[in-house]
Amino acid sequence: MLEKVGVVGVGQVGQACAFALMLRGSAHEIVLVDRTAERAEGVATDMRYGLPLSDTAAISSGTWSDLQDAAVVLICAGVNEKGGGATDRDDERGRLRLLDTNASLYREIVPRIVDEAPDAVLLVVTDPPDALADLTRSLAGHDRVLSTGTTIDTLRFRVHIAAELGVHPSAVEALVVGEHGTSEVMLWSSVRVGGTPFVRALRRGAGRQSLHDLHRRIGRAVRFANITIIDGNGASQFGIGAASARITEAILNDERAVMPVAAYRERYGVTIGLPTIVGRQGAAGGLEPSMSEYERRAFERSVARLREVASGLGASSATVDGA
């Protein structure tokens, strides 16, 4: 079922999300809302000229009231890494440096979104998405809140592994869990390529090299991919745009697809990136991937970090009304 989707915040990431939604024909109608109305109108007008090539029927700019009846709202508003000074690879806070500024904005806009679209699933795209999803859940008063989680990190992980082996990324089964940030955890122990464990596939497809060095090199490339992109282009936008469109489709179509988005996990008391069953109400269930002892310890550290951040925000860890 193709329905109405709102995109709030039409900066570089919001534009990339909207464009991906249109190119993929993810929704029947897309509404763009931005504090600068002229920008939203300009983007909507530009994209509208591509409608003859898309299954999307309508793209418009609007105000808060135009979000009424939206099934999904993507929240992309806020300062990005470059604007917020979060481009230092040696800074362990990483995207969390943006939290205070973007949390202040979310406290303003989330209630306005919920007033107009009380039944919508809210997809948090703004960095840092996991902490902001915890705040959004508290502000919205329901559980229909997801963040993009480690979806883009998982895609980056698969792409780098595929490049190492000379295969298409779709052949790679790999997963990143935890925070979408510097404490994220790459689950090397479960990487498969066409059903073959990574180490065996590597022996067949690559020359002799230290496995530790390879893990470290790919891990750094994935963890700091956003900064590498920003160094060249000013913003990391196209990959997350495509990922956000795909998550939106899974929600609209009630696919029950398993994706590494972040949803609130009662076991951990925080919103955290793990394999999640994505459907019409957002998270329809969750899975716990197998981890090595080392990976489990790293994941628990990531959980503790996000739990501390959520506590500082005043985000409620209690069960809220809703699905």
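Along the sequence shown, the residues carry numbers beginning at 1. What you are looking at is a predicted structure, and each value in this text was computed from that prediction instead of being measured.
A donor-acceptor contact under 3.5 angstrom links the side chains of Arg95 and His180, judged on distance only. With hydrogens and angles left out, the side-chain atoms of Glu184 and Ser302 include no donor and acceptor closer than 3.5 Å. Side-chain contact check for Asp130 and Ser147: at least one donor-acceptor pair (N or O, by modelled atom type) lies under 3.5 Å.
Across all their heavy atoms, Ala27 and Leu252 have their closest contact at CB-CD1, 4.1 Å. When every heavy atom of Met47 is checked against every heavy atom of Ala18, the shortest pair comes out as CE-O, 3.2 Å. Val172 and Arg158 get closest at one heavy-atom pair: O-NE, 3.0 Å. The two residues Ala140 and Val114 come nearest to each other via the heavy atoms CB-CG2, 3.7 Å. In this structure, Cys17 and Val125 approach most closely via the heavy-atom pair SG-CG1, 4.3 Å.
Ion pairing between a basic and an acidic side chain is recognised when a charged N comes within 4.0 Å of a carboxylate O; Glu288 and Arg296 show such pairing. Ion pairing between Glu179 and Arg301 fails under the 4.0 Å rule for side-chain N and carboxylate O. Salt bridge annotation for Glu116-Arg112: absent, with no cationic side-chain nitrogen under 4.0 angstrom from a carboxylate oxygen.
The stretch residues 32-43 participates, sequence neighbours left out, in these salt bridge (Lys or Arg N to Asp or Glu O under 4.0 Å) pairs: Asp34-Arg39.
Aromatic rings of Phe299 and Tyr268 (six-membered ring for Trp) have centroids within the 6.0 Å cut-off, being under it.
Val8 pairs in a side-chain contact (heavy atoms from CB on, under 4.5 Å) with only one of the listed residues (Leu74, Leu122, Val31, Leu67), which is Leu67.
A heavy-atom distance below 4.5 Å is not found between the side chains of Ser26 and Val5. The closest side-chain heavy-atom distance from Val199 to Trp188 is not below 4.5 Å. For the pair Glu29 and Thr56, the minimum side-chain heavy-atom distance is 4.5 Å or more. The closest side-chain heavy-atom distance from Arg265 to Val270 is not below 4.5 Å. Counting heavy atoms from C-beta on, the side chains of Leu32 and Ile30 come closer than 4.5 Å.
Residues Val258, Leu287 make up the rest of the hydrophobic cluster containing Ile277, defined by ILVMFWY side-chain heavy atoms closer than 4.5 Å, directly or through other members.
Every residue two or more places apart in sequence or in another chain that forms a side-chain contact (heavy atoms from CB on, under 4.5 Å) with Ala250 is listed here: Arg246, Glu255, Ala257, Met259, Val278.
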